[in-house]
Amino acid sequence: MTEHRVKVAVPAPFFHALDYLPGDLELVPGMRVQVPLGRRQVVGVVTAVERTIDDEIRCRPITAVLDNGAPLPADLLSLCNWAADYYCHPLGEVLAAALPAGLRKLPGKAIRRRKSPKALRSPSSAGEALQRAPTPEQAVVLDALAGQPPGFGVDLIEGVTGSGKTEIYLHRVQAAIEAQGQALVLTPEIGLTPQLVERFRQRFGDGVAVFHSGMTERARTDTWQACSEGRCPVVIGTRSAVFLPLPRLALIVIDEEHDASFKQQDGFRYSARDIAIVRAQRAAVPVILGSATPSLESLHNVARGRYRHHRLNARAGAARMPQPRLLDLRNTKLRDGLSAELIDTASRHLAAGGQVLFFVNRRGYAPALLCHECGWLAPCPHCDARLTLHRARGRLICHHCGSDSRVPLRCGQCSSTDLIPVGQGTERVEDALRALYPDLRVERIDSDRARLAGELDRLLADIHSRDIRILVGTQMLAKGHDFEGLTLVGVIDADQALYSSDFRAVERMGQLLTQVTGRAGRGATSGEVVVQTHQPDHPQLQRWLRDGYAGLSRELLEERRLMGFPPFSHLALLRADALDADAAQDFLQKVAALIPGDRSIDKLGPVPAPMERRANRVRAQLLLRSQNRMGLQRLLAELVPQLGSLPGARRVRWSVDVDPIDLY
DNA sequence: AGCACGCCGACT
DNA sequence: GTCGGCGTGCTC
């Protein structure tokens, strides 16, 4: 007997959609439905409607259809399906990540009514007045972009900080809008870089929607709805915006494409940049990638002829990119991490009226507290890590698990009271600079400081008004901010990355150093950048100094090729952790045993994670590497759905990370 | 994931 | 004698 069956993806870790009976409901793929699952009711998405004679599995009826309006568009459903396969993640959970919370929950008593669409300020009237004439260099890039054949293609714009990448985006977005299309602009963090949204608002007025995790659930759902109805010509969003429904999608811009925050680091571990490129390919629309420091992946795609490449070298106005110099710390006297020469340089800039930024990539006062008598280092009770001293708060805090305790008066081992902070964080450098320059306003900007709403905005305003003369900040400050009066950037310690075992550490160091270098000399005065180091002869640091990020990245690509690491191979990282000592590694050992001894896939591990114990869980990992992406994906597609039923799987937490960026 | 069932320790 | 710990099994 022939019957209709409906495949429904539910928010649970199943690798296949479940079957339900439609009854007399009219269903099409993409509709949200309420279905019974065990003894609860959940929201699922219809993925297919089939005629079937397979009666073997039990089948319950669909409770209700939840969409009064349009179903999830077919292109998005299909994109989510692709992503679920590529990242080996259950489709129902992928859809849950793609839909705003308001569409994932069962409706309450009140039926949500759609707001009537706002009248949009006409883009052209708002825009024309503020249109800047492109520089000759920008004009070359714009001509090249305008001359591309229609359809999919990726253009990477490698432009130094301040060279006007945003202006290029604005022109291409304008062209997309004029052709009645919608443009999607992805950015790493909206809260930290309000300038990008500002520039778009100046040009396109209320046509610009934003979408990010800081918005209320309600606002996100409304924006989702507006996008799906084609009411947003431009939407600027973070990672999850890659899943917004855009019926007239005409262009995708990915700003700061190298930025790690495009990769989700838990649950469904997707790369918004990579999904965006797949989406553009499927929708046959162009992609613009922009960065001062492109990822090695994108540069490799340029080298292979997959992406087109454009450069913007000139900075706007009179500003020149500073030539950084290294400051050899060996055998110099340091005061809270600051050398006398750096202090002299800073004093000179301050006396001349400039602003100075000290870049310290660590929060807190000091990354460790040491007993001077016996060598004890205050450890985190839950992790294989040292506690960070937050002196102003009088706390020792673990930056890995959040463990928080009072600063002890005595050594935990020998009871000595001679405890000294070692190393320096932002708070310590801030204190030192306050003592050195009591008459100047010194402020620290890091995530501890900017946690309060509006605090970051206030600080940024006081920087622009030159009220703040000296800034101490983490990489939070390295991104996107324009500080006209900033003439000196001092990097306190460039060496951390040079000691790291992570294969991407030097790439990230180069990106960070280049980004902070771009902070100096944005105004008329040429800037100065000083990098303190104990490794002044390190070849990669030297390479960066001589040939900039472009030279360093060429060298790093060559190194990756020789080592067989991405982008010259593909990685998937299986992680596991557990409360008992060996459970995670034993589990991954069983996983490894399931993988055929195929020459095309390297099994690296299982091994203990670089930080073996974290938040009281013992962690292990198994890295898979292959030259052949399809081969790796086929293996994972076969392997991953079995892992949950492996003996011991319930005793461990495990995850799969396709294209991992951090190997810890 | 969420929720049941089920079989062993300390309490009104 | 019960309340409740989390091990394991299942959800169309």
Side-chain angles (χ1 to χ4, degrees), chain A residues 1-66 72 77 80-81 83-84 87-108 217 240 264-270 574-584 586-587 590-591 615-618 640-657:
Chain A
M1 197 190 98
T2 310
E3 256 186 297
H4 285 285
R5 289 288 171 79
V6 183
K7 298 272 183 202
V8 177
V10 295
F14 309 137
F15 284 90
H16 295 289
L18 303 184
D19 292 315
Y20 287 89
L21 297 169
D24 50 11
L25 296 168
E26 289 289 332
L27 295 171
V28 296
M31 276 180 171
R32 291 181 309 122
V33 288
Q34 178 182 340
V35 292
L37 182 69
R39 54 202 67 197
R40 37 192 192 125
Q41 295 281 322
V42 298
V43 176
V45 173
V46 175
T47 62
V49 183
E50 305 179 337
R51 242 180 270 280
T52 176
I53 50 165
D54 176 14
D55 271 333
E56 277 168 45
I57 21 176
R58 180 163 92 100
C59 215
R60 296 164 77 183
I62 282 175
T63 312
V65 179
L66 296 176
L72 195 67
L77 185 56
C80 288
N81 245 313
Y87 291 104
C88 300
H89 204 75
L91 177 58
E93 292 185 356
V94 171
L95 289 164
L99 290 170
L103 296 175
R104 261 184 278 138
K105 295 196 304 211
L106 293 171
E217 211 173 88
S240 58
Q264 175 129 331
Q265 293 290 12
D266 53 74
F268 168 35
R269 296 167 182 263
Y270 66 98
L574 290 142
R575 296 185 174 88
D577 64 58
L579 288 168
D580 357 330
D582 300 315
D586 289 350
F587 172 74
K590 290 186 196 117
V591 176
N616 276 332
R617 301 185 69 92
V618 182
V640 177
Q642 310 176 44
L643 299 188
S645 45
L646 232 45
R650 294 294 299 245
R651 333 186 90 253
V652 303
R653 286 195 319 214
W654 59 272
S655 66
V656 182
D657 191 346

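Keep in mind it's a predicted model, so treat the numbers as computed, not measured. Per chain, numbering begins at 1; letters A, B, ... match sequence-line order. All heavy atoms count here, side chains included; hydrogens, waters and symmetry mates do not.
Among residues at least two apart or in separate chains, there is no salt bridge (charged side-chain N to carboxylate O under 4.0 Å, His left out) pair with a member in residues 21-31 of chain A.
Straight-line distance from the NE2 atom of A:His89 to the C1' atom of B:dA1: 10 Å, rounded to whole Å. We find that CZ of A:Arg104 is positioned 13 Å from C1' of B:dA1, with the value rounded to whole Å. The interatomic distance linking A:Phe14 (CZ) with B:dC3 (P) rounds to 13 Å, in whole Å. Remark: P of C:dT11 and CZ of A:Arg60 are 10 Å apart, rounded to the nearest angstrom. Rounding to whole angstrom units, CG of residue A:Leu18 and P of C:dT11 are separated by 10 Å. For the pair A:Glu93 CD and B:dG2 C1', the interatomic distance rounds to 12 Å; values are reported in whole Å. Rounded to whole Å, the distance from CD on A:Gln41 to P on C:dC12 is 10 Å. Nucleotide C:dT11 holds its P atom 17 Å from the CZ atom of A:Phe15, rounded to whole Å.
Contact annotation: the side chain of A:Thr63 approaches that of A:Pro36 to within less than 4.5 Å [non-hydrogen atoms, C-beta and beyond]. Taking 4.5 Å as the limit, every side-chain heavy atom of A:Leu103 sits out of range of all side-chain heavy atoms of A:Leu72. Put simply, the side chain of A:Arg51 reaches to within 4.5 Å of the side chain of A:His4, judged on heavy atoms. Annotation: side chain of A:Cys80 is in contact with side chain of A:Leu91 (closest heavy-atom distance under 4.5 Å).
Judged as a side-chain hydrogen bond (donor to acceptor under 3.5 Å, both in side chains), and not counting sequence neighbours, A:Arg60 has no contacts. For A:Arg617, the side-chain hydrogen bond (donor to acceptor under 3.5 Å, both in side chains) partners are A:Asp577, not counting sequence neighbours. For A:Arg104, the salt bridge (charged side-chain N to carboxylate O under 4.0 Å, His left out) criterion is met by no residue, not counting sequence neighbours.
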Taking N or O atoms only and anything under 3.5 Å, show me the protein contacts with nucleotides 5-8 of chain B, one pair per line.
none

Measure all distances between protein nitrogen or oxygen atoms and nitrogen or oxygen atoms of nucleotides 5-9 of chain C, and list the pairs falling under 3.5 Å.
| residue | atom | partner | partner atom | Å |
| --- | --- | --- | --- | --- |
| C:dG9 | N7 | A:Arg650 | NH1 | 2.8 |
| C:dG9 | O6 | A:Arg650 | NH2 | 2.8 |

Check your understanding: Taking it one step at a time, do A:Tyr87 and A:Val640 satisfy side chain to side chain contact (heavy atoms under 4.5 Å, CB included)?
Key -> CA-CA 10 Å; A:Tyr87 291 104; A:Val640 177; over 6 Å; no
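Residue-level contact check: A:Pro36 touches the backbone only, with heavy atoms under 4.0 Å from sugar-phosphate atoms and none from bases.
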